[in-house]
Engineer: 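Starting off with a structure, shown below.
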There are 2 protein chains.
Amino acid sequence: MPEVISQPYTRADEAFDCLQTAIVKGDLSPGEKIGEVELCARFNLTRGPLREALGRLESRGLLVRRPHAGVKVVSVSTEELMELYRIREVMEGLAARQAAERMTDTEIADLYATLDSHETMIEQAQGQAYYQAEGDYDFHHRIATGSRNTKLAQMLLGDLYYMVRMYRYRLSTASGRPHMALGEHRRIVEAIAQRDGELAEFLMKRHINAARQNIEKKIKEGGLTI
Amino acid sequence: MPEVISQPYTRADEAFDCLQTAIVKGDLSPGEKIGEVELCARFNLTRGPLREALGRLESRGLLVRRPHAGVKVVSVSTEELMELYRIREVMEGLAARQAAERMTDTEIADLYATLDSHETMIEQAQGQAYYQAEGDYDFHHRIATGSRNTKLAQMLLGDLYYMVRMYRYRLSTASGRPHMALGEHRRIVEAIAQRDGELAEFLMKRHINAARQNIEKKIKEGGLTI
DNA sequence: AAATCATGGATTGTTGACAATAATGTGTAT
DNA sequence: ATACACATTATTGTCAACAATCCATGATTT
């Protein structure tokens, strides 16, 4: 996701984005140790800006650093992933409630359009988990932004989602219940359109709770190692 | 709060901590622009580690940086502070629920002891807002940790609380209803001791909601400028 | 043979100088 | 007198070399 607007874009920012997507996409595996010089060669920059980027990534919880021993990609256990979903549940519930109170009619119309596009995507790309995950991300992204709660959106989009997506790419977890999820999305949007904040919050919490249970079940059944 | 254990403590870590407390304590005012060289002189280090620390602070939302234009301390509007409390409400509600499910009996006993100590502190330091704020922080800190939800505790303790405390020191907001707050704390702890997660969550949410309304009222009445 | 200690190598942390960019002040033209 | 353009200056962004710390390998001792 390269920002088109910002030309004053430092090398550190560049490294930050590249590393972030590399971690999320899975080019860097969890637990993998990454040497600084290696990364410098990869991104064509020196260790100064790189270390700045590493510090930011560490602060966001995507990297863990041990002094004088280097950094490695964070590795999230099943339990921790479940906890992540519990946090999402309450935070996105709040986001949905505030979105119902504050989204403009235009944004809501866009949200409906997004849902339609997701529907066709699901039908066309039968079983293509990637598109499902992207559609799902798009939906939640819009609601987080629509909450008009700057800090909330920042925490969801800049912190939690990267971590969740990191494992979505690996597990393709969204799959299994794409139509189900789409139906739940629709009902949430309808609640938002009716400006029913309480209902939107309730439905969103239930939606994320269902997603969590779905993943938990799959991991237990299929022995999906993360 | 200097960590006693960690001897392998880089200069960047040191600068990070110093800057963080400086911002929270109010030595650096919100909106204040801070030059890098100035900070280097202040902390006796060079710009490399300093920039690393600045990046981490920026990532945590305590600083805002504009490329080639320097960093300045974040300045939170009244509305944003209220939004912060809304986030706290749902997150600490979750923390209380999980704490009720997972805290050890020893931790709960410590929590009771903490409350008693707060009570004497409130009686002794009549009107000393600082101690009230510290006691309040201690309580919420213990519950966040007791949730056994690593990421949740990290987000609360490493993100939100610093921001809230930043304005607590300025406003001394905890004041005005110390006995009230202590009573609410007691009821929350009782719910936790009875392992009633739902009740603990409900009471915690109501507690933080009341604190938010209290601040909002004070700002509107007294024209408290933040 | 297993465990401990020491040494070498590699990697991280730090430093100070260099280059690029934005803010400021001055001068000129309208 | 005000507004715009330019040059200067100060600050940020980047680089490459230096110092400190840890990890691994191998020798030594029990």
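Computed from heavy atoms alone, side chains included, the values below leave out hydrogens, waters and symmetry copies. In the text below, chain A, chain B and the rest are named by the order of the sequence lines, each starting its count at 1.
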Engineer: Using whole Å, what does the distance between atom P of nucleotide dT14(D) and atom CZ of Arg47(B) come to?
Structural biologist: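 Answer to the nearest Å: 11 Å.
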Engineer: Measure the acute angle between the ring planes of Phe139(B) and His207(B), then classify it against the limits of 30° and 60° as parallel, tilted or perpendicular.
Structural biologist: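 Correct class here is perpendicular.
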Engineer: Under 4.0 Å, heavy atoms only, any strand: does Arg11(B) hit a base, just the sugar-phosphate, or nothing?
Structural biologist: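 Here Arg11(B) touches the backbone only, sparing every base.
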Engineer: Quick check on DNA chain D: between Gly35(B) and Gly48(A), whose nearest nucleotide comes earlier from the 5' end?
Structural biologist: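 It is Gly35(B), whose closest nucleotide lies nearer the 5' terminus.
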Engineer: Please report the distance, rounded to the nearest Å, between CG in Leu50(B) and P in dG13(C).
Structural biologist: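 Distance, rounded to whole Å: 16 Å.
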Engineer: Does Ala100(A) offer a backbone N or O that forms a donor-acceptor pair with the side chain of Arg195(A) under 3.5 Å?
Structural biologist: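 Yes, because the side chain of Arg195(A) sits within donor-acceptor range (under 3.5 Å) of the backbone of Ala100(A).
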Engineer: Nearest whole Å is fine: how far is dT14(C) C1' from Asp13(B) CG?
Structural biologist: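 Between C1' of dT14(C) and CG of Asp13(B): 13 Å.
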Engineer: Let me know the distance between CD of Glu36(B) and C1' of dG16(C), rounded to the nearest Å.
Structural biologist: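 Answer to the nearest Å: 14 Å.
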Engineer: Rounded to the nearest Å, what distance is computed from the CG atom of residue Leu54(A) to the P atom of nucleotide dT11(C)?
Structural biologist: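 The answer, rounded to whole Å, is 15 Å.
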Engineer: Of the candidate nucleotides dA16(D), dG16(C), dG13(D), which contains the atom at the shortest distance from the side chain of Arg65(B)?
Structural biologist: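 So the side chain of Arg65(B) is nearest to dG13(D).
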Engineer: Check every strand shown and say whether Gly70(A) touches a base, only sugar-phosphate, or nothing at a heavy-atom separation below 4.0 Å.
Structural biologist: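 Sugar-phosphate, no base atom in range.
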Engineer: Could you state the NE2-P distance from His68(A) to dC22(D), rounded to the nearest angstrom?
Structural biologist: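 My rounded result for the distance is 6 Å.
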Engineer: If you check every side-chain atom of Ala69(A), which of dC23(D), dA16(D), dT12(D) has the closest atom?
Structural biologist: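 Comparing dC23(D), dA16(D), dT12(D) against the side chain of Ala69(A), the answer is dC23(D).
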Engineer: Between atom CZ in Arg66(A) and atom P in dG13(C), what is the gap in whole Å?
Structural biologist: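 Those two atoms, CZ and P, are 11 Å apart.
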Engineer: Any side-chain to backbone donor/acceptor pair from Thr114(B) onto Asp110(B)? Under 3.5 Å, distance only.
Structural biologist: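 Yes; judged by distance alone, with no hydrogens or angles, the pair exists.
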Engineer: Between Glu58(B) (CD) and dG13(D) (C1'), how many Å, whole number?
Structural biologist: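 Going from Glu58(B) (CD) to dG13(D) (C1'), I get 14 Å.
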Engineer: Measure from the side-chain heavy atoms of Arg51(B) and tell me the nearest of dG13(C), dT14(D), dT15(C).
Structural biologist: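 It is dT14(D).
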Engineer: Look up atom CD in Glu52(B) and atom CG in Leu57(B), then write down how far apart they are to the nearest 0.5 Å.
Structural biologist: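 If I round to the nearest 0.5 Å, the distance is 12.0 Å.
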Engineer: Are Arg88(B) and Tyr85(B) in a cation-pi setup, meaning NZ or CZ lies under 6.0 angstrom from the ring centre and within 45 degrees of the ring axis?
Structural biologist: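 Relative to the ring axis of Tyr85(B), which defines the angle, Arg88(B) lies inside both limits.
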